[in-house]
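Protein chains get the first letters and strands the later ones, always in sequence-line order, with residue 1 at the start of each. Computation of the quantities below employed the complete heavy-atom set of this structure, encompassing side-chain atoms and omitting hydrogens, waters and symmetry-equivalent molecules.
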Protein chains: 2
Amino acid sequence: MAVKGDETRARLIEAARTLVEAKGYHGTGLNEVLAVAGAPRGSLYHHFPGGKDQLVGEALAAAGREVDGIVGELTATAPTSRELVLALLEGLADRMVAAGYAKGCPVATVALEVASTNDHLQPICGGIYTGWQRPLADALRADGHDAAEADELAVTVLALIEGALVLARAGRSRIPIEQTGRRIAKLLGTD
Amino acid sequence: MAVKGDETRARLIEAARTLVEAKGYHGTGLNEVLAVAGAPRGSLYHHFPGGKDQLVGEALAAAGREVDGIVGELTATAPTSRELVLALLEGLADRMVAAGYAKGCPVATVALEVASTNDHLQPICGGIYTGWQRPLADALRADGHDAAEADELAVTVLALIEGALVLARAGRSRIPIEQTGRRIAKLLGTD
DNA sequence: AAGATTATGTAGATCGGTCTAGAGAGGAAT
DNA sequence: ATTCCTCTCTAGACCGATCTACATAATCTT
């Protein structure tokens with residue numbers, strides 16, 4: 001019966017991922033996670049003996065891998081880094097609006113909450129962000145930027161995306177994303 | 001003695017401001033705010049009959065005005081928008097590191113937490129961000145950008161600052177801020 | 001004296017976490 | 001093939017702590 005157990009575990013991670021993205025670490029109660037996942041309390045501490053920290057940590061890691069996959073797909077279809085970033089940005093904006101501004105960056109809220117207070121989750125958040133920089137830098141190098149410039153641009157583009165999501169969610173409007181998108185197009189348009 | 005009452009009120013706002021910036025809305029308990037402020041529970045509900053939401057809302061507004069003042073001072077001394085933004089960024093980075101990454105943007109954490117869940121605080125966060133855009137756009141116009149471009153650049157610069165702070169706090173490192181700062185210098189350096 | 005402010009105490013809910021009991025599937029032995 | 005055992009997983013009660021909010025009384029200021 002390893003199958004059913006894994007399904008419960010996956011449902012718990014998925015529920016935690018959604019709730020944590022919308023309301024943050026402290027704003028998400030385990031009771032709500034259990035209700036959304038439709039799982040009893042015992043299952044949670046069976047699958048995640050490390051408790052809330054372990055559950056949220058694995059939920060963040062899963063969200064990070066999901067973005068990796070999306071970026072990987074876009075890299076295969078987008079002709080240049082410019083199209084890659086713009087497609088990524090538009091996809092994030094659509095997702096955010098469709099969720100009633102409950103979705104943005106799945107890591108950012110927790111990252112800010114735990115930066116100075118939780119030594120287990122903070123490095124996980126930091127690691128996800130550095131992991132996202134690599135494919136961006138690769139795409140930029142493929143477009144002719146030298147290594148140092150590609151790294152710097154990758155961080156800058158990632159910061160722009162994160163910042164645009166913050167402003168968009170704060171104002172419940174996709175306009176900031178569209179405005180920064182136009183600027184990114186110019187930033188990456190002419191090499 | 002209206003003075004002593006006002007001092008207690010100010011201490012409560014200041015304590016809430018610091019704690020909320022470090023740990024977010026849900027991560028900050030009123031008991032902790034009261035302990036830091038050295039105030040009894042009754043004072044809180046006397047000065048803030050609206051409870052936690054009112055206290056945090058006024059704390060955010062105070063933080064917003066504080067940044068307004070800093071930007072105003074920098075505008076008076078910085079020769080161009082480029083120097084203004086770079087000085088602002090460096091000041092934020094210093095403040096963040098000095099606080100052990102407990103400080104970043106005083107609004108961002110709450111903005112993400114409440115974007116889809118709290119109809120009282122969400123517009124306050126959104127309003128603070130739009131308020132910050134104005135002096136930036138003014139400085140950009142003073143440097144020769146036309147109005148539409150200045151608005152777009154102001155949002156982009158603000159997004160870059162916010163995103164850089166997210167990445168820096170997530171990784172407990174000021175390097176992302178320095179990297180984006182170099183890119184901002186190039187972005188605003190040559191008109 | 002009167003109003004403003006402080007000082008506690010407490011209510012009711014919810015928090016994360018732990019515990020024990022039992023349900024259910026797969027394998028081994030006969 | 002059936003019985004039985006074992007182990008994974010589920011189920012839910014329960015714990016102490018903490019949360020926000022409110023009530024009431026004491027204190028201070030004018």
Side-chain angles (χ1 to χ4, degrees), chain A residues 1-20 22-60 109-110 113-114 117-122 124, chain B residues 1-20 22-60 109-110 113-114 117-122 124:
Chain A
M1 177 226 267
V3 173
K4 187 167 176 213
D6 288 352
E7 280 175 8
T8 302
R9 198 187 140 92
R11 280 206 317 280
L12 284 167
I13 287 182
E14 176 58 25
R17 211 185 73 71
T18 302
L19 290 168
V20 159
K23 308 194 291 183
Y25 176 80
H26 292 109
T28 300
L30 293 184
N31 289 329
E32 198 175 359
V33 174
L34 295 171
V36 170
R41 221 171 174 69
S43 299
L44 197 158
Y45 284 92
H46 171 75
H47 292 292
F48 306 92
K52 190 183 187 182
D53 274 18
Q54 184 188 353
L55 171 64
V56 173
E58 296 202 25
L60 291 175
T109 315
V110 181
E113 282 180 289
V114 305
T117 59
N118 187 314
D119 291 338
H120 174 246
L121 290 176
Q122 176 267 324
I124 293 178
Chain B
M1 188 207 264
V3 174
K4 186 166 176 213
D6 288 353
E7 280 176 5
T8 302
R9 199 187 138 92
R11 280 206 320 278
L12 284 167
I13 287 183
E14 175 57 26
R17 211 186 73 71
T18 302
L19 290 168
V20 159
K23 308 193 292 183
Y25 176 79
H26 292 110
T28 300
L30 293 184
N31 288 329
E32 197 175 0
V33 174
L34 294 171
V36 170
R41 197 178 295 297
S43 298
L44 196 158
Y45 285 93
H46 170 75
H47 291 292
F48 305 93
K52 190 183 187 182
D53 273 18
Q54 183 187 353
L55 171 64
V56 172
E58 296 203 23
L60 291 174
T109 315
V110 181
E113 283 180 287
V114 306
T117 58
N118 187 314
D119 291 337
H120 174 246
L121 290 176
Q122 176 267 325
I124 292 177

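- Within the 4.5 Å cutoff, side-chain heavy atoms of A:Leu34 are placed close to those of A:Leu12.
- Atom CD in B:Glu7 sits roughly 15 Å away from atom C1' in C:dA4 (whole-Å rounding).
- In this structure, the CZ atom of B:Arg9 is 14 Å from the C1' atom of C:dA4, given to the nearest Å.
- Residue pairs that meet the salt bridge (Lys or Arg N to Asp or Glu O under 4.0 Å) test with at least one member in residues 24-37 of chain B, sequence neighbours left out, are B:Lys23-B:Glu32.
- Side-chain nitrogen and oxygen atoms of A:Thr8 include none within less than 4.0 Å of the OP1 or OP2 phosphate oxygen of D:dC9.
- Within the structure, salt bridge (Lys or Arg N to Asp or Glu O under 4.0 Å) contacts touching residues 33-60 of chain B (residues at least two apart or in different chains) are B:Arg9-B:Glu58.
- Side-chain nitrogen and oxygen atoms of B:Tyr45 include at least one within less than 4.0 Å of the OP1 or OP2 phosphate oxygen of D:dA21.
- Distances were taken from every side-chain heavy atom of A:Pro40 (C-beta onward) to each of C:dT6, D:dG12, C:dG17; the shortest belongs to D:dG12.
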Between B:Val36 and B:Thr18, is the side-chain contact (heavy atoms from CB on, under 4.5 Å) condition met? List the steps. CA-CA 10 Å; B:Val36 170; B:Thr18 302; over 6 Å; no
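- As rounded to whole Å, 13 Å separates atom P of C:dT5 from atom CG of B:Leu12.
- A close approach under 4.0 Å does not occur between any side-chain nitrogen or oxygen of B:His46 and OP1 or OP2 of D:dC22.
- In this structure, B:Phe48 atom CZ and C:dT5 atom C1' are separated by 13 Å, rounded to whole Å.
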Tabulate atom names and distances for all N/O pairs under 3.5 angstrom spanning the protein and nucleotides 9-15 of chain C.
| residue | atom | partner | partner atom | Å |
| --- | --- | --- | --- | --- |
| C:dC15 | OP2 | A:Asn31 | ND2 | 2.5 |

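- Taking 4.0 Å as the cut-off between side-chain N and carboxylate O, A:Glu14 and A:Arg11 do not count as a salt-bridged pair.
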Assess the residue pair B:Thr109 and B:Val20 against the criterion (side-chain contact (heavy atoms from CB on, under 4.5 Å)); give the C-alpha distance rounded to whole Å, side-chain angles, the decisive distance to 0.1 Å, and a yes or no. CA-CA 8 Å; B:Thr109 315; B:Val20 159; over 6 Å; no
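- Computed from coordinates, the A:Leu44 CG to D:dA13 C1' distance equals 16 Å when rounded to whole Å.
- If you measure from atom CG of A:Asp53 to atom C1' of C:dG17, you get 12 Å, rounded to the nearest angstrom.
- Contact annotation: A:Ser43 side-chain N/O to D:dA11 OP1/OP2 distance is not under 4.0 Å.
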Assess the residue pair B:Leu30 and B:Leu55 against the criterion (side-chain contact (heavy atoms from CB on, under 4.5 Å)); give the C-alpha distance rounded to whole Å, side-chain angles, the decisive distance to 0.1 Å, and a yes or no. CA-CA 10 Å; B:Leu30 293 184; B:Leu55 171 64; 4.2 Å; yes
